[in-house]
Amino acid sequence: MPTRADLLSELDVDCVPNAPVGTLTWYGVGGRADLLVSPRSINAAAELLRRCRLQDVPVRILGGGANLLVDDDGVDGVVVRLDHGCFRNVEFNREGEVTAARVGGGVDLFGLLHTFARQALAGFEHMAGIPGTIGGAVRMNAGGRPGDMAQAIDRVDMLTLDGELKTWSAEDLHFAYRQCSLPPGIVVSAVLRLHEDDPAEVRARVKTFFANKKAAQPMADHSAGCAFRNPMTDSGNRVSAGKLIDDAGLKGAAIGGAAVSTRHANFITVTPAGSAHDVQKLMQHVQQVVADTTGVHLEREVVVWSRGGGA
Ligand SMILES: Cc1cc2nc3c(=O)[nH]c(=O)nc-3n(C[C@H](O)[C@H](O)[C@H](O)COP(=O)(O)OP(=O)(O)OC[C@H]3O[C@@H](n4cnc5c(N)ncnc54)[C@H](O)[C@@H]3O)c2cc1C
């Protein structure tokens, strides 16, 4: 690994070596990152990516940590965090009844929903109750029954790993169930298509979507949302991974501090005394039991960071 000076000299960034990134995730467990870097400008982020590429340093992007598990041994290379103002702006461009909102990649979704409701803007309420940032939501095409990120996106600005700033329009992007076709890199901002509406109605819809989620999911526990993707059947329909796990009798199953939620079987929760290892062991156990009882392989939805592992 190149020295910190090689990577960061004269770059406008904040940097924390040996940073406890596991505790920055919703799971709240897991180890440290060799370097946690917060660029103070888009140019600094671009130059950081260029240097990492030249020096063969792995780069991972941390959003709100709501879909992430960091291994107990931590993660190598650079973890980039978008917590400075240049990644947290929201700008509006109103043209008739349509409003384009350019939202920074580091903007928190919960706060954004309130901002839109205050501005009487509709078109994003279906994201209520989904934690994380715009960047993470674009990358994961986050969503649920009421809709997903893709339906609100007009375009996405991204820094590729070469440090090039590129724009993709919605037409050029392919979004599918919890995935999008963007290459690796940093989602710097996304332009969302919204329209004006009665603010009370916008607020009421946000409240309803949020209440529905809260009724079905253990929102207050430490988790990363659904642990597994809903698998596709031979007939091309998706079946609920939660139902398969429930049918396999795994609700409440526990290893160390990790447990299959009794509220929603696709949520694996962990207590603060637990570890990322407990979560990973339990995920493997669930995969094994479901495969043995149904023949279906459950694919992980949660992103896992480990030393030498992928992003
Ligand atoms: C209680 C709870 C409920 C949830 N409910 C739902 C739900 O209903 N539907 C759903 O889809 N998800 C749900 N999730 C999962 C999570 O909220 C989403 O996946 C969310 O989009 C993650 O965003 P994040 O910013 O936290 O990303 P992270 O968890 O920080 O990262 C996830 C991935 O996105 C990448 N990433 C993050 N930011 C950027 C960026 N700026 N540029 C490029 N890549 C980036 C990361 O590198 C990583 O690969 C839930 C999670 C919890 C804890």
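Note that ligands are numbered from 1 as they come in the structure, with each ligand's atoms numbered from 1 the same way.
Remark: among candidates Gly143, Gly225, Gly105, the nearest residue to atom 10 (C) of ligand 1 is Gly143, based on non-hydrogen atoms. For atom 3 (C) of ligand 1, the candidate residues are Ala45, Gly144, Pro131; the nearest heavy-atom contact is made by Pro131. Around atom 5 (N) of ligand 1, the closest heavy atom drawn from Glu301, Lys213, Gln217 belongs to Lys213.
Ligand 1 places these atoms under 4.0 Å from at least one heavy atom of Arg139: 34 (O), 35 (C), 44 (N). Within the listing of ligand 1, atoms 21 (O), 23 (O), 24 (P), 25 (O), 27 (O), 34 (O), 36 (N), 37 (C), 38 (N), 39 (C) sit less than 4.0 angstrom from a heavy atom of Gly136. The Leu82 neighbourhood of ligand 1 comprises atoms 41 (N), with distances under 4.0 Å to a heavy atom of that residue. With ligand atoms numbered from 1 in the order given, ligand 1 contributes 53 (C) to contacts under 4.0 Å with heavy atoms of Trp26. Remark: ligand 1 atoms within the under-4.0 Å shell around heavy atoms of Thr133 are 23 (O), 24 (P), 25 (O). Every atom of ligand 1 is numbered from 1 in the order shown, and the set under 4.0 Å from a heavy atom of Leu68 is 29 (O). Those atoms of ligand 1 with a heavy atom of Gly132 less than 4.0 angstrom away are 23 (O), 24 (P), 25 (O), 26 (O). Every atom of ligand 1 is numbered from 1 in the order shown, and the set under 4.0 Å from a heavy atom of Ala224 is 15 (C), 51 (C), 52 (C), 53 (C).
The residues Asp172 and Arg155 are annotated as not salt-bridged, no charged nitrogen and carboxylate oxygen being separated by less than 4.0 angstrom. Under 4.0 Å is where a charged nitrogen must lie from a carboxylate oxygen, and between Arg50 and Asp162 no such pair does. Using a 4.0 Å cut-off between a side-chain N of Lys or Arg and a carboxylate O of Asp or Glu, Glu125 and Arg203 do not qualify as a salt bridge. Between Asp157 and Arg102 there is a salt bridge, since at least one side-chain N of the basic residue sits less than 4.0 Å from a carboxylate O of the acidic one. The pair Arg229-Glu299 meets the salt-bridge criterion, since a charged nitrogen lies less than 4.0 angstrom from a carboxylate oxygen. Ionic pairing of Asp76 and Arg307 is not present here: no N-O contact between side-chain nitrogen and carboxylate oxygen is shorter than 4.0 angstrom.
On a distance-only criterion, Trp305 and ligand 1 share no N/O pair closer than 3.5 Å. Between Ile186 and ligand 1, no N or O atom pair is found at a separation short of 3.5 Å. At a 3.5 angstrom cut-off on N or O pairs, Ile130 does not count as close to ligand 1. An N or O contact shorter than 3.5 Å is missing between Pro218 and ligand 1 by distance. Checked against a 3.5 angstrom limit, the closest N/O atoms of Met158 and ligand 1 fall outside it. The distance criterion of under 3.5 Å between nitrogen or oxygen atoms is not met by Met219 with respect to ligand 1.
Between the side chains of Gln288 and Asp292, at least one donor N or O lies within less than 3.5 Å of an accepting N or O. For the residue pair Asp71 / His277, no side-chain donor-acceptor distance below 3.5 Å is found, with atom types taken as modelled. Of the N and O atoms on the side chains of Ser38 and Asp83, at least one donor lies less than 3.5 Å from an acceptor on the other residue.
Atom NE2 of His195 sits in a crowded spot, with more than 12 heavy atoms from other residues, nucleotides or ligands closer than 6.0 Å.
Here Cys226 has no heavy atoms under 4.0 Å from ligand 1, in either its backbone or its side chain. At a heavy-atom cutoff of 4.0 Å, ligand 1 is contacted by no atom of Arg60, backbone or side chain.
Clustering of Ile, Leu, Val, Met, Phe, Trp and Tyr side chains at separations under 4.5 Å places Phe210 together with Met219.
How far NZ of Lys243 is from NE2 of His264: 13.0 Å, rounded to the nearest 0.5 Å.
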